[in-house]
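Right, one structure below, let's go through it.
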Amino acid sequence: MRLLLNLIWLVLCGLWMAIGYAVAALVCFVLIVTIPFGFASLRIANYALWPFGRTVVDDPSAGAPSLIGNVLWFIVAGWWLAIGHLVTGVLLCLTVIGIPLGLANFKLIPVSLLPLGKKIVEVA
C-alpha cells in the first residue's frame with residue numbers, strides 16, 4: 001500500500017514539491033552563508049519525494065545552532081511553507097482519493113516549519 005501511495009504522491013505532487021525544495025537548496029548553496037539551510041531543504045526534498053513509510057524525528061546531536069537556525073528559517077520561509085502545505089492538504093482532503101495525500105502534506109508541516117535538528121527515518 002505504501003508503494004502505491006508513494007507512486008500516486010510522486011506523480012500528483014511529490015515530484016514538483018521535491019523540485020521546488022531542490023531549487024531552494026541550490027539557492028542556499030550559492031549564497032554560502034545559508035548552506036545549512038540548503039542541506040535542510042534537500043532533506044525535505046527527499047522526504048517530499050517519497051513520504052509514505054517514513055517519519056521525522058529529532059536528532060539528538062543537534063545543538064544550539066539548530067535552534068538559532070530554526071528561528072531564522074521560521075521567520076524567512078518556514079511559516080510560508082507550512083501555510084502552503086496546510087492549504088494544499090485541506091484541498092486534497094476534499095476528495096476521497098486525496099485524503100491520504102492531504103495527510104502526507106500535513107506530515108510535511110513540522111519539518112517545513114523547523115527543519116534543522118531533524119532526521120527522516122523509515123517507519124518499521
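Each residue takes its place number in the sequence, starting with 1. Every value quoted in this text rests on a predicted model; they were computed, and no experiment measured them.
A heavy-atom distance below 4.5 Å is not found between the side chains of I35 and C28. The side-chain heavy atoms of L72 and F37, taken from C-beta on, include a pair separated by under 4.5 Å. Considering only heavy atoms from C-beta on, N6 comes within 4.5 Å of P51 through its side chain. For the pair L86 and I83, the minimum side-chain heavy-atom distance is 4.5 Å or more. Using a 4.5 Å heavy-atom cutoff, the side chains of I120 and N46 are not in contact.
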Item to complete: Any chance you could lay out the side-chain contact (heavy atoms from CB on, under 4.5 Å) test for Y21 and L81, step after step, and finish with the verdict?
Response: CA-CA 10 Å; Y21 279 113; L81 293 169; 3.8 Å; yes

Worksheet item: Where do K107 and Y47 land on the side-chain contact (heavy atoms from CB on, under 4.5 Å) test, with the steps shown first?
Response: CA-CA 10 Å; K107 249 175 53 169; Y47 187 44; 2.9 Å; yes

Worksheet item: Can W9 and N105 be said to form a side-chain contact (heavy atoms from CB on, under 4.5 Å), step by step?
Response: CA-CA 10 Å; W9 171 268; N105 248 315; 4.0 Å; yes

Worksheet entry | Working for side-chain contact (heavy atoms from CB on, under 4.5 Å), residues C93 and F106 | CA-CA 10 Å; C93 285; F106 297 146; 4.0 Å; yes

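The backbone N or O of A40 lies less than 3.5 Å from no partner atom in the side chain of W73, so there is not a single donor-acceptor pair. Looking only at distances, a side-chain donor or acceptor of S112 sits under 3.5 Å from a matching main-chain atom of I109.
Distance CH2/W79 to CG/L114: 14.5 Å, rounded to 0.5 Å. Between the CE atom of M17 and the CG atom of L108 there is a distance of 4.5 Å, given to the nearest 0.5 Å. Distance CZ/F52 to CD1/I8: 8.5 Å, rounded to 0.5 Å. Here NZ of K119 is found 14.0 Å from CZ of R54. Values are rounded to the nearest 0.5 Å.
Nearest approach of L49 to A18, heavy atoms of both residues: CD1-CB, 3.6 Å. Across every non-hydrogen atom of R43 and P115, the tightest pair is NH2-O, 3.2 Å. Minimum interatomic distance between S41 and A24 (heavy atoms only, all atoms of both residues): OG-CB, 3.7 Å.
Note on L15 and I44: separate hydrophobic clusters, where clusters join Ile, Leu, Val, Met, Phe, Trp and Tyr whose side-chain heavy atoms are under 4.5 Å apart, directly or indirectly. Side-chain heavy atoms closer than 4.5 Å link hydrophobic residues (I, L, V, M, F, W, Y) into clusters, and following such links, even through other members, never connects L31 to L26. Transitive grouping of hydrophobic side chains (ILVMFWY, heavy atoms separated by less than 4.5 Å) brings L10 and W16 into a common cluster. Residue L3 is not grouped with residue L12 when hydrophobic side chains (ILVMFWY) are merged at heavy-atom distances under 4.5 angstrom, including chains of intermediate members. Residues V87 and L113 are members of one and the same hydrophobic cluster, defined by side-chain heavy-atom contacts under 4.5 angstrom among Ile, Leu, Val, Met, Phe, Trp and Tyr.
The aromatic rings of F29 and F39 lie perpendicular to each other, with more than 60° between the two planes, well past the 30° mark.
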I'd like a table of donor-acceptor pairs (distance under 3.5 Å, sequence neighbours excluded) in which one partner is a side-chain atom from residues 95-104, with atom names and distances.
| from | atom 1 | to | atom 2 | distance (Å) |
| --- | --- | --- | --- | --- |
| T95 | OG1 | L92 | O | 3.3 |
| T95 | OG1 | G98 | N | 3.0 |

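A salt bridge does not link K118 with D59: none of the charged nitrogens is closer than 4.0 Å to a carboxylate oxygen.
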